[in-house]
Amino acid sequence: MPEKESYEMMEMEKTRTESALYDDPSRMYDDPYRITAERGLQLGEAADMYGDLETAEEHGYVTRGLKSRHIQFIALGGTIGTGLFLGIGRAFTTAGPLSLCLGYSFVGVAIYAMMQSLGEMTTWLPLAGAIPQFCARYVDGAMGFAVGWNNWYDNSLTLCAEISAAAIVIQFWNGAADINVAAWISIMIVVVVGLNIFAVSIYGEAEFCFSSIKIITIVGLIIFAFIIDLGGGPTRDRLGFRYWKNPGAMKPYIADGNTGRFLGLFSTLVNAAYSYGGVESVAVAAGESENPRRNIPKAVRRVFWRILFFYVLGSFAIGVLIPYNEPRLLNAIKNDLPGGAASPWVIAIYRAGVPVLPSIINAAIITSATSAANAFLYTGSRYLYALAQNGQAPRFLLTCSKRGVPYWCVGITASVSLLSYMSCSAGSEVVFQWFQNLTAISAILTWMSVSIAYIRFHSALRAQGISRDTLVFKSRFQPYSAWFSLCFFGIIILFSGFYTFPSKTKTFDYSDFITAYIGIPIYLGLYLFWKVFKGTRWVKPEEADITTGKAALDAADAHWPQRKARNWWERIWFFVI
């Protein structure tokens, strides 16, 4: 409990005047400063969001149970899943090593620009769910509705994709291949629901462990690639850039010559978007983070290293280890072979003649799939929770357990994972590809929405006389960074289905066309539905709500414990987290 002196200091910081409070004694207990001081941050935040203490006590609220190390590791590896281990193989065989590396680099630059925008908004107002609320407050209620439900179904389907991918990989071992895939799917669902339903701290601990394994695995694979490339493997064969020369660095796709090479490069962008999917989850977790105005800026800055080391160096490493026409990789993708056979990493290890590593990497891929499924169930449930806070989903979804878990949101999101049982009839690899195609465009639409929300947020700060120099986290080159990411992602979406159109080598593929573009009409349909149903309008910058929910957080800022390193080990640890 804060001391009397601390409470008096908070009183001085109130944005409401004393007279307004004391003219109506019933409002005394709706004041977030007083409630935070007397009843704690959880109830104070709820009262600030809902506008009255009665609603706050009725529904409860999420808790700030994610520690700094949880947030930092969620930022570094939280949603890294099978896209980086399995899905990347299809892009590699389609476009070649240089195109793959460039595609992941280009998308990574746009992702970083988007995350800078999101980090600034989230540090100003770290809310549960965050993104739908930002879009509704700063842009249009209809956009908040569209991006919220778009994010929810995107995360729900990605949850299915990761479970389906795990069902693929686990069949690597002979004993597992003889067991019905439904059993593995059931185990995965039970595990991720169990990690999400009890307390957010359990989710945080699980992600800390999972992310640690993923980080160690990816760093180990990059070091492995470096050693093998320089001839340090059992075969003593120095690879260098051999496969960039033969069969080549950029594989033509659909057309010949430079046009084909450009189309091959462009084809990697959607695949890269799927691999980067969920990178914004650190903003979703901000609403349940301890000391968010210290931890979130640090986590957002760490996204740069995640992009550079895991995605850019990872895609580069694959390109020097194997050629894009590697027969085993092509055969595994074509015939939906079980296990990690479709992973270029596993193929590279076999070629290098290291017998033990394939089993280890397959186990790491399963861990990544489980971690990503765990993370997407968490973020999907919080998007649903944010929609309920916006009044755009049923009100019962606001109900939280005593430990601050919105269990209705978790349960409904988890129920979508039952679609993973389609793998039992259609084949795990086929279902995984369906889900990957459906969710890649949905993720890009989310990132575009974040950029638009930031542009309006930037205007709202200026219109309401708030200097960005006073912000805890001020992103660079704004609003130009937001405009860049918006335009870049817009181009990807517009031309994402180019491969479905007729050419000299193929006819029009209507099923692939629908899969490539179905996310756009879904998003627009959601937007127009709420626009017509509620008659919403674009929010004027001077009228944008940039303060609701902020008072309780401001009140708590001075009371988060200060971290002081007592020895050299703690100095290193505090630097890391």
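Since the structure is predicted, the reported quantities are computational estimates derived from the model, not experimental observations.
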| task | Assess whether side-chain contact (heavy atoms from CB on, under 4.5 Å) is satisfied between Leu321 and Phe224, documenting all intermediate values. | result | CA-CA 10 Å; Leu321 289 177; Phe224 165 81; 4.2 Å; yes
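With sequence neighbours excluded, the residues forming a ring-ring contact (aromatic ring centres under 6.0 Å, His included) with Phe134 are Tyr138, listed by chain and number. Partners of Ser289 according to the side chain to side chain donor-acceptor pair (under 3.5 Å) rule, which considers only residues two or more places apart in sequence or in another chain, do not exist here. The side chain to side chain donor-acceptor pair (under 3.5 Å) check on Gln133 picks up Gln389, with sequence neighbours excluded. Applying the side chain to side chain contact (heavy atoms under 4.5 Å, CB included) rule to Phe304 yields the partners Tyr112, Leu308; only residues at least two apart in sequence or on another chain are considered. Scored by the side chain to side chain contact (heavy atoms under 4.5 Å, CB included) test, Ile189 finds Ile163, Ile185, Val193, Ser417, Leu418, Tyr421 as partners (sequence neighbours excluded). Scored by the salt bridge (Lys or Arg N to Asp or Glu O under 4.0 Å) test, Glu326 finds Arg328, Arg351 as partners (sequence neighbours excluded). Residues satisfying the ring-ring contact (aromatic ring centres under 6.0 Å, His included) criterion with Phe529, sequence neighbours excluded, are Phe145, Phe533. With sequence neighbours excluded, the residues forming a ring-ring contact (aromatic ring centres under 6.0 Å, His included) with Phe489 are Trp447, listed by chain and number. With sequence neighbours excluded, the residues satisfying side chain to side chain contact (heavy atoms under 4.5 Å, CB included) with Thr217 are Phe85, Ile213, Leu221, Ile361, Ala364. Legend: residues meeting ring-ring contact (aromatic ring centres under 6.0 Å, His included) with Tyr378, ordered by chain and number and at least two apart, are Tyr203. Not counting sequence neighbours, the partners of Trp152 by the side chain to side chain donor-acceptor pair (under 3.5 Å) test are Thr413. Shown here are the side chain to side chain contact (heavy atoms under 4.5 Å, CB included) partners of Ala206, two or more places apart in sequence or in another chain: Leu195, Phe210, Asn374.
Contact record, Thr446 with Val147: CA-CG2, 4.2 Å, taken as the closest heavy-atom pair.
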